[in-house]
Amino acid sequence: TDQQFFEQAEETIYESLRQYASETSEVGFRRKLFAGDAVKGFAFIDLCRKRFDVSLMNPPFGMLSTQLEEPLRRKWGSHANDIYVLFILQVSSMMSGGGLQGVLSSRNFLLGRDQREFRPLIIGDGHITLEYLVDVGVGVLDGAAVEACYYILGARKNKTAMFCDLRSEDRDDISDLPRMLQKNPFQPCILSRFRGIRETPILYN
């Protein structure tokens, strides 16, 4: 199979690199550095090929750097309006069939015009679907003036997501999230209700 072929080829390459690095010569140290870097490169490729059951992320958010904006916009279009959306989409492609993504990010994807093409992807049109969302608002990210939320995305094509709004709660109390969720239990919301509104804002309450 292709999998067996690549596993065998990879092991052959590793062995060749080990032999190359162990050969004595006046450039032996440079050989070892080269071989070590090559092995790390193959390990990174291995990591990119893996599929994960769970990911937990607090991706960077904001505008792209000048150097990255043009190539990423060519690939991702309007999803490149904010870098955290790209992290979510890329990691979602690395998840297993039943995998779950836990995300802490800006909440602007719920209503913002810049994410109007991202929203449909997480309410039924894409391969990940919103399952749970805790809306916490501003004041939870070490002084950053960003309104945030916690949410879980999964591969199931669920029709209903669970929402909890903690934006009006005391900021110090939010650190005790289990207690806050007991006080403010999740409320179900049918995802299809958002489709009839222009630009698909996620108006859960």
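Heavy atoms only: backbone and side chains are in, while hydrogens, waters and symmetry mates are out.
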Separation of W76 CH2 from F118 CZ (nearest 0.5 Å): 10.5 Å
Atom pair OH/CD of Y151 and E131 - distance to nearest 0.5 Å: 14.0 Å
ring-ring contact (aromatic ring centres under 6.0 Å, His included) involving Y132 - partner list, sequence neighbours excluded: F186
Minimum heavy-atom separation for [X] and [Y], please, with both atom names.
X: R51; Y: M95; result: CD-O, 3.7 Å
X: S106; Y: C149; result: O-SG, 4.2 Å
X: N184; Y: C164; result: O-SG, 3.0 Å

Exercise: do N108 and Y84 side chains pair donor with acceptor under 3.5 Å: yes
Test item: side-chain donor near acceptor, N81 and R73, under 3.5 Å: yes
[X] side-chain N/O to [Y] backbone N/O, donor-acceptor pair under 3.5 Å:
X: R119; Y: T200; result: yes
X: R116; Y: R113; result: yes
X: R171; Y: V138; result: yes
X: T129; Y: A155; result: no
X: D82; Y: Q115; result: no

Criterion side chain to side chain contact (heavy atoms under 4.5 Å, CB included) on V103 and I152, from CA distance to verdict: CA-CA 6 Å; V103 187; I152 295 174; over 6 Å; no
Heavy-atom check, side chain of L191 versus side chain of T160, under 4.5 Å: no
Pairs meeting criterion salt bridge (Lys or Arg N to Asp or Glu O under 4.0 Å) with involvement of residues 86-108, two or more places apart: R107-D135
side-chain hydrogen bond (donor to acceptor under 3.5 Å, both in side chains) partners for S78, two or more places apart: E117
